[in-house]
Amino acid sequence: MAKSSSSDAQALIRSLRSAYAATPTNLKIIDLYVVYAITTAVIQIVYMGIVGSFPFNSFLSGILSCVGTAVLAVCLRIQVNKENKEFKDLSPERAFADFVLCNLVLHLVIMNFLG
Amino acid sequence: MVDPSEAKGEGSLRKAFGGVLGFFILLLIGTLAFSIRLFSVIKYESVIHEFDPYFNYRVTQFLTKNGIYDFWNWFDDRTWYPLGRVIGGTVYPGLTLTAGSIWWLLNNLNIPLSVETVCVFTAPIFSANAAWATYLLTKAPAHLFEVKGTGAGLTAAVLLAMVILFLLVFLLISDNQNVPSYISRSVAGSYDNEAVAIFALIFTFYLYIKSSDLKNYTQTLNTGSLFYATLNALSYFYMVCSWGGYTFIINLIPMHVLLCIVTGRYSSRLYIAYAPLVVFGTLLASLVPVVGFNAVMTSEHFASFLVFIIIHVVALVYYIKGILSPKMFKVAMTLIVTIGIAVCGAVLAILIALVASSPTKGWSGRSLSLLDPTYASKYIPIIASVSEHQPPTWPSYFMDINVLAFLVPAGIVACFLPLSDASSFVILYITTSVYFSGVMVRLMLVLAPAACIMSGIALSEAFDVFTRSIKFQLPKLFETPPSDVWQLIGDTNNGTQDELAKVDSKIPTEKSETTVKERPSKKNRKKEKEILEKGKEIKEKGKENVEKVSDKRQNAKKLLVLPLEASAVAILLLIILGAFYVVHCVWAAAEAYSAPSIVLTSHSHDGLHVFDDFREAYAWLKHNTDVDDKVASWWDYGYQTTAMANRTVIVDNNTWNNTHIATVGTAMSSPEKPAWEIFNSLDVKYVLVVFGGFVGYPSDDINKFLWMVRIGGGVFPHIREPDYLRDGQYRIDAQATPTMLNCLMYKLSYYRFVETDGKGFDRVRRTEIGKKHFKLTHFEEVFTTHHWMVRIYKLKPPKNMTRGKSKKKINPKTRTKISYQKNRNKNPWQ
């Protein structure tokens, strides 16, 4: 049982990798950005665990800015992905413009909250 | 053959006319919403009502005088003496900032309105905005006005039918916004948070639906849903600034997302609508000082985080499903499920441990009392004592939403007929708001827009059906129909059913579309000719139509055409229903909800009596006491006293400190000497009591007295409620308990009351009072208003302690002589 499940797991990982390799480059860039943002958030949490959460608003704004840009990047990816039939009328430039605008608002709020 | 450009021209003309008409109707709606709320200004004067608005007015005054930085950091030392109150951090700034900015804008345009005027009229202005927001919100679930180019829906209707539909839906929504429960909190003068908050609520919901809606991408205007999601978050920010009820939004939207996921309606639009809202919303909510870190730490927000995680999991699952083959996907699922359950279990355990460690499980008192209606009466008597927090009675539902009460179920059914994201959202909204309005009468306000939307949908569907029935059968009236015309009409119905059914049909070619669109004209002859022409063309296609028409459409065709007379009578009856509703709303606005409770009127045989006692008392306080004098009264009058009399009070309507209020309650329930000592320890100079027994004003302090006992007894156990009741009954006549007859509230209310009519008959309690002739030893009366409604007493300074001894020394001889002769055994020092 264990062997079959581990071989299953390997087959799964292989098929995931091959499927993912087929995605276009611009989407991979966005995915990289998302991974970077989440990593930064995790680093901040670890730091908070070590040092303590004293200016809690700073901690909160840091975490939420990382999570926020990650979420916005995911939204951008959804809108730009050509396989998404719901968004075929939306031009990628418009999606990117939305992304930039929302990031602007997000960072404005973050700067205010950072304290 | 019809010229397509001509048809298009006609279509766009119709659209343009419809658009202009719609605009003017919306303008009318706004004016109507504004003017129906002006009754109090007309009947009384432009004055601020009730209690809470006075606080908001005072804060707005401060803001306009001192600017925003001082307002943000304001520490108020004139309330809750000696504790003070941090106003910058405990007030919801939305309303005051809105009114302040309107005042500032107008003053900069050289329109010198006073702050009071701006405050009084803020509520009606925002009610007009709320009406427009409701129109926007109803568009989505009602599937109306799909401006999809030339192809479908309403653009195929006759001009008259379209006019009727527009007119009625708009008027209904507008009239609906004048629903009495909303009017009650937004009349001119009711300057309270809800005036602005309901507009913010509806607008936030509208933007949420817009950002998750598919139609945005088929429009040629570039509306992208991420943009609307950001706007949604900003509107949510405005809601958080305005009212504590924002937790309703942050729990309803996750509930709706969860519902969509569970019913299989997950789509990436949902993700785009929801995920940014959570991140932005939490950030923006933390910006408001009142909420602060509660945005991430209280249970009220946990639902949004939970659903945030769930939607990410679901999104990931869908993504993996998309890129993997089905077999691999099954493997992935089993793997993920086993790991996932373990992780989830761990996280859940941690969360439960965290939450259970706090005594209220992380919820605030107010939210708990909403979830469990019996909570407040058991644990927090202050919340239970506020009249707005009581559950409503059944008649109050009918009084407040009238006709809508039975249109709402019809609307719910209509929402199910084509169930979309938007209509499922509205259904969830009305269900939760009905529950919460059943818990607290104040939340009828949240029910009002939901009821309006539902009944608007129901009525528009009804009118839709009736007008189409009439429209299809009108030609029958004017011509003697040969049999093939019958068939034509049958095919006509069939053809238009293609348009009406919102299913993407593969059939409508350009021809049928243009001929259908060409039909609307006012002359019946032309109509008939066109029908004949069109009928011929459609006849050929009619067969294919009929084949491809599904059973649903056949049934729809049968259902949608009712007999002519029935439709006409039904339309008439619905219009009469609407008329009754309008009459009721106007009556409710004029009679029931326009009273500024600071001024009372009564009609008697010799005209109108005005009771302006409250303002009389506050003016006396303002002119006859020192600026630093402290006034003690029950917390109801705190805001008014600080705003109008400009004196420091001990407790006010904010009720944030239960012990302080219990102190005042204990003082009111104790005999004179202990009460004097309590008040003296708080540096109180004046005590204010409201007494309605002379004129029959029922909301006076004697009627509220039991709450004082309960609240005081909650903190100071020597005050026991049964001591004040005789056989479980609350009385103030001769049968009252001695504790009751000796307490401060009784004495201050009824001091010298017997002088008014010789018998001391209390018109509210309808009995003669128990103790009629008594003197006050520690208080002296300084002012009683004209109708005895407000009575002000001053604390007597402490007695000079040496008086007794000096008396003995002054007359030693006479005293000892008398005492020696009369009582030998008596102690000479006594």
Side-chain angles (χ1 to χ4, degrees), chain A residues 4-16 18-23 53 56-57 59-61 63-72 74-79 81 83-91 93-106 108-110 112-113, chain B residues 211 214 216-220 222-231 233-234 237 267-287 292-293 295-297 308 311-312 315-316 318-320 322-325 327-336 338-339:
Chain A
S4 70
S5 67
S6 76
S7 68
D8 271 346
Q10 283 179 357
L12 173 68
I13 294 178
R14 247 182 288 125
S15 61
L16 266 177
S18 60
Y20 187 68
T23 56
S53 70
F56 192 62
N57 54 331
F59 166 64
L60 210 60
S61 66
I63 292 285
L64 285 175
S65 80
C66 293
V67 174
T69 52
V71 164
L72 288 175
V74 172
C75 291
L76 177 67
R77 188 188 197 277
I78 290 175
Q79 289 180 325
N81 196 356
E83 291 170 15
N84 257 332
K85 285 174 241 23
E86 288 172 334
F87 292 94
K88 63 175 161 47
D89 288 337
L90 190 69
S91 62
E93 289 81 16
R94 168 68 200 230
F96 188 68
D98 273 344
F99 174 71
V100 168
L101 174 73
C102 299
N103 262 321
L104 209 65
V105 174
L106 176 71
L108 198 66
V109 178
I110 296 284
N112 191 4
F113 196 47
Chain B
S211 68
L214 177 61
N216 289 325
Y217 299 109
T218 58
Q219 284 178 5
T220 50
N222 280 328
T223 54
S225 61
L226 195 57
F227 173 63
Y228 277 100
T230 313
L231 282 184
L234 289 174
F237 175 52
S267 66
S268 40
R269 293 175 279 121
L270 197 68
Y271 179 86
I272 294 183
Y274 181 66
L277 173 68
V278 171
V279 177
F280 272 120
T282 314
L283 258 179
L284 291 168
S286 323
L287 271 183
F293 298 142
V296 291
M297 300 212 294
F308 185 64
I311 202 177
H312 274 97
L316 202 63
Y318 270 81
Y319 172 66
I320 292 185
I323 63 172
L324 281 185
S325 65
K327 183 175 80 79
M328 283 285 103
F329 180 63
K330 264 195 214 118
V331 171
M333 277 312 286
T334 45
L335 215 67
I336 289 179
T338 42
I339 299 180

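Values below: every heavy atom of this structure, side chains too, minus hydrogens, waters and symmetry copies. Just so it is clear: chains get the letters A, B, ... in the order the sequence lines come, proteins before strands, and each one is counted from 1.
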*Could you have a look at B:V296, B:V279, B:L287 and say which one has the most heavy-atom pairs with chain A under 4.5 angstrom?*
B:L287
*Below 4.5 Å from any heavy atom of chain B, which atoms of A:I78 appear? Answer side chain, backbone, both or neither.*
side chain
*Could you tell me which non-hydrogen atom of A:Q79 sits nearest to which non-hydrogen atom of B:L226, and how far apart they are?*
NE2-N, 4.1 Å
_Please determine whether side chain to side chain contact (heavy atoms under 4.5 Å, CB included) holds for the pair A:D98 and B:Y228, giving the CA-CA distance in whole Å, both sets of side-chain angles, and the decisive distance to 0.1 Å._
CA-CA 10 Å; A:D98 273 344; B:Y228 277 100; over 6 Å; no
*Would you say A:C102 and B:P276 make side-chain contact, with heavy atoms under 4.5 Å?*
no
*Is chain A contacted by the side chain of B:F237, its backbone, both, or neither, given a heavy-atom distance below 4.5 Å?*
neither
*asked:* Between B:T282 and A:L64, does the side chain to side chain contact (heavy atoms under 4.5 Å, CB included) criterion hold? Intermediate values first, please.
replied: CA-CA 8 Å; B:T282 314; A:L64 285 175; 4.3 Å; yes
*Can you find a heavy atom in the side chain of A:V71 that is under 4.5 Å from one in the side chain of B:H312?*
yes
_Segment of A:L60 engaging chain B (4.5 angstrom heavy-atom cut-off)_ = side chain
*Please state whether the side chain, the backbone, both or neither of A:R14 comes within less than 4.5 Å of a heavy atom of chain B.*
neither
_Per-residue contact mode, B:Y274 against chain A (heavy atom under 4.5 angstrom)_ = neither
*Tell me, out of A:V67, A:L106, A:N57, A:I110, who's got the most heavy-atom pairs with chain B below 4.5 Å.*
A:L106
*CZ-CZ distance between B:F227 and A:R94, expressed to the nearest 0.5 angstrom*: 7.0 Å
*Atom CZ of A:F96 with >12 non-hydrogen neighbours under 6.0 angstrom*: no
*Does some side-chain heavy atom of A:V109 sit less than 4.5 Å from a side-chain heavy atom of B:L284?*
yes
